[in-house]
Amino acid sequence: MKKTAVLLSAAMAVFCSVNVCADGGWKESYASVLQDKTDEEGAFSVYDIDGDGTPELIYSEGRSHGAQCEIYTYRGGKAVKIDEAGSSGVCSCIPQKHYLKSSYAAGGEVIVSFYTIEDNSLRQVMTFFNDENTGLEGEKEYRINEEKVSKEEYYKRYSETGSDSAVSLGRSYPLGSDSIGYAVTGTDSYEDAYARLLRDKYTQVYDNDVFSLMDITGDKIPELFVRNDTSTDIYTFSDSRVQYMGSESLYLMGTGDAKYSCGLSGDVLVMHSKRGRASSYSFFSMKDGVLCREKSFRCGYDYDNAAVYMIDGREVSRTEYRTALKKYTGMRFRRTSAEYPLSESGIEKLGKGGQTE
């Protein structure tokens, strides 16, 4: 692993520049769309799905199973609704391929479709279907673009979609005039913006939730890490806005006594969780300003208390697991700043306290 902090900084510079439309008009247009929404459980994301330099707006009306996301792009000086995708109020993006991923599951059947944005519409690239969780007897069915394939071929080609690095979209920010300010139109201070986000989205959740700050982009402005018992959300402050970078599952459910660490080794972000004999490691790098998972290691135990070892979601032997992990865990890395509780006293430690104007 090379120490490439300079490259990280340059990558984020690209990330910043491509997220600013030349006339700035997308901000006003998206703000106008959101201001017209009145859904009590409404939420949204702002993310450059197609990689053209201008982000898309993804709006979610709620979390019901049938709730899809409305996808908007900015064309001809206005916000244009492309289509709807996803379920349960979320869809996702695979940044490296500029895919929009839409998933739907019911009765044990799963349909996952991948799209690209072309000519203000969604073009279907491929669709995966399986019925392996229906609980019915008989041969299970696996299809790719309506063509029957083996289970092995199905999962091989699915792994090639890059879904391990998918960024969940639709509910990055709760709908409200305050969130439109810190996530769309912008604000001057990252302390203010982070504090407003924390108050807006997180303080009503669980007592054990915490947040921490660490600069992983090299721009002298720290990123925000928000952790609960099952995942960590990551945000950056760029273009005067809080921008959602992604979320990492911790794979240790009910983890009140779990231990966590997070840090940098050169240009590699390392996230680690451990509870008893179970543990997980995730290693991320920055590519074109996007946080991408490079490798993941999971060690857990099945119902018979037998050890299970996995690399990138694939079950492996203990020897293969330990040999591969050793190449990564020998890295020296600095940890995040101290963790702060998601409470008013913790949020005030951000500096300005994030009071809304």
Side-chain angles (χ1 to χ4, degrees), residues 26 29-50 55-74 79-95 98-117 120-131 133-134 158 161 163 165-180 182-184 197 200-206 226 228 230-235 242-249:
W26 66 263
S29 295
Y30 290 171
S32 179
V33 170
L34 293 170
Q35 287 162 358
D36 287 339
K37 301 295 185 182
T38 59
D39 300 294
E40 185 175 343
E41 295 186 355
F44 66 95
S45 299
V46 180
Y47 199 90
D48 188 3
I49 297 173
D50 59 8
E56 276 63 54
L57 169 66
I58 303 91
Y59 176 72
S60 167
E61 67 177 17
R63 296 179 179 274
S64 65
H65 186 61
Q68 293 187 298
C69 295
E70 298 176 4
I71 315 298
Y72 296 82
T73 193
Y74 184 73
V80 177
K81 183 179 177 181
I82 298 175
D83 210 329
E84 298 184 359
S87 64
S88 300
V90 296
C91 57
S92 58
C93 171
I94 301 176
H98 305 300
Y99 286 165
L100 176 69
K101 176 182 175 182
S102 178
S103 304
Y104 183 81
E109 296 183 345
V110 176
I111 302 173
V112 183
S113 297
F114 298 86
Y115 302 89
T116 55
I117 298 176
N120 297 347
S121 63
L122 295 182
R123 183 182 74 84
Q124 184 172 302
V125 178
M126 65 188 82
T127 294
F128 291 76
F129 167 89
N130 78 72
D131 62 355
N133 293 316
T134 57
Y158 187 82
T161 64
S163 289
S165 293
V167 177
S168 180
L169 301 175
R171 307 201 64 82
S172 304
Y173 321 99
L175 179 65
S177 59
D178 203 35
S179 59
I180 293 173
Y182 62 70
V184 181
L197 169 68
D200 211 11
K201 183 175 180 179
Y202 292 102
T203 53
Q204 74 276 21
V205 192
Y206 301 109
V226 186
N228 59 33
T230 59
S231 64
T232 298
D233 295 334
I234 308 172
Y235 298 85
V242 176
Q243 300 188 38
Y244 177 65
M245 300 184 79
S247 181
E248 171 65 359
S249 296

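For this chain, numbers begin at 1 and follow the sequence in order.
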First locate atom [atom1] of [X], then atom [atom2] of [Y], and finally report the distance between them rounded to the nearest 0.5 Å.
X: R123; Y: I117; atom1: CZ; atom2: CD1; value: 12.0 Å
X: Q243; Y: I234; atom1: CD; atom2: CD1; value: 14.0 Å
X: E109; Y: T134; atom1: CD; atom2: OG1; value: 7.0 Å
X: I58; Y: R171; atom1: CD1; atom2: CZ; value: 13.0 Å
X: S168; Y: Y47; atom1: OG; atom2: OH; value: 11.0 Å
X: Y59; Y: S45; atom1: OH; atom2: OG; value: 12.0 Å

Side chain of [X], backbone of [Y]: donor and acceptor closer than 3.5 Å?
X: E56; Y: I49; answer: yes
X: K37; Y: E61; answer: no
X: S60; Y: G89; answer: yes
X: Y72; Y: V33; answer: no
X: S87; Y: S103; answer: yes
X: S231; Y: E248; answer: no

Would you mind reporting whether [Y] and [X] have side-chain heavy atoms less than 4.5 Å apart?
X: M126; Y: T161; answer: yes
X: S163; Y: V112; answer: no
X: S88; Y: H65; answer: yes

- [ ] Look at the aromatic rings of F114 and F128 and report parallel, tilted or perpendicular, splitting at 30° and 60°.
- [x]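 Ring orientation of F114 relative to F128: perpendicular.
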Task: Parallel, tilted or perpendicular: rings of Y182 and Y173 (30°, 60°) - done: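 Geometry flag for Y182 against Y173: perpendicular rings.
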Give me the atom names and distance for the closest heavy-atom approach of [X] to [Y].
X: S172; Y: K201; value: O-NZ, 3.0 Å
X: L175; Y: D39; value: CD2-O, 3.9 Å
X: Y99; Y: V125; value: OH-CG1, 3.8 Å
X: R63; Y: E41; value: N-OE1, 3.8 Å
X: G86; Y: S102; value: N-OG, 2.7 Å
X: V46; Y: A183; value: CG2-O, 4.2 Å

- [ ] Under the side-chain contact (heavy atoms from CB on, under 4.5 Å) rule, what do I71 and C91 come out as? Steps first, then yes or no, please.
- [x] CA-CA 10 Å; I71 315 298; C91 57; 4.1 Å; yes
Open item on the list: Do D83 and Y115 pair up side chain to side chain, a donor and an acceptor below 3.5 Å, judged on atom types alone?
Closed with: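 There is no such pair (donor and acceptor under 3.5 Å, judged by atom type) between the side chains of D83 and Y115.
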TODO: Check step by step if side-chain contact (heavy atoms from CB on, under 4.5 Å) holds for D48 and D50.
DONE: CA-CA 6 Å; D48 188 3; D50 59 8; 3.0 Å; yes
TODO: Check the pair L197, V226 against side-chain contact (heavy atoms from CB on, under 4.5 Å), reporting the backbone distance first and the verdict last.
DONE: CA-CA 11 Å; L197 169 68; V226 186; 5.7 Å; no
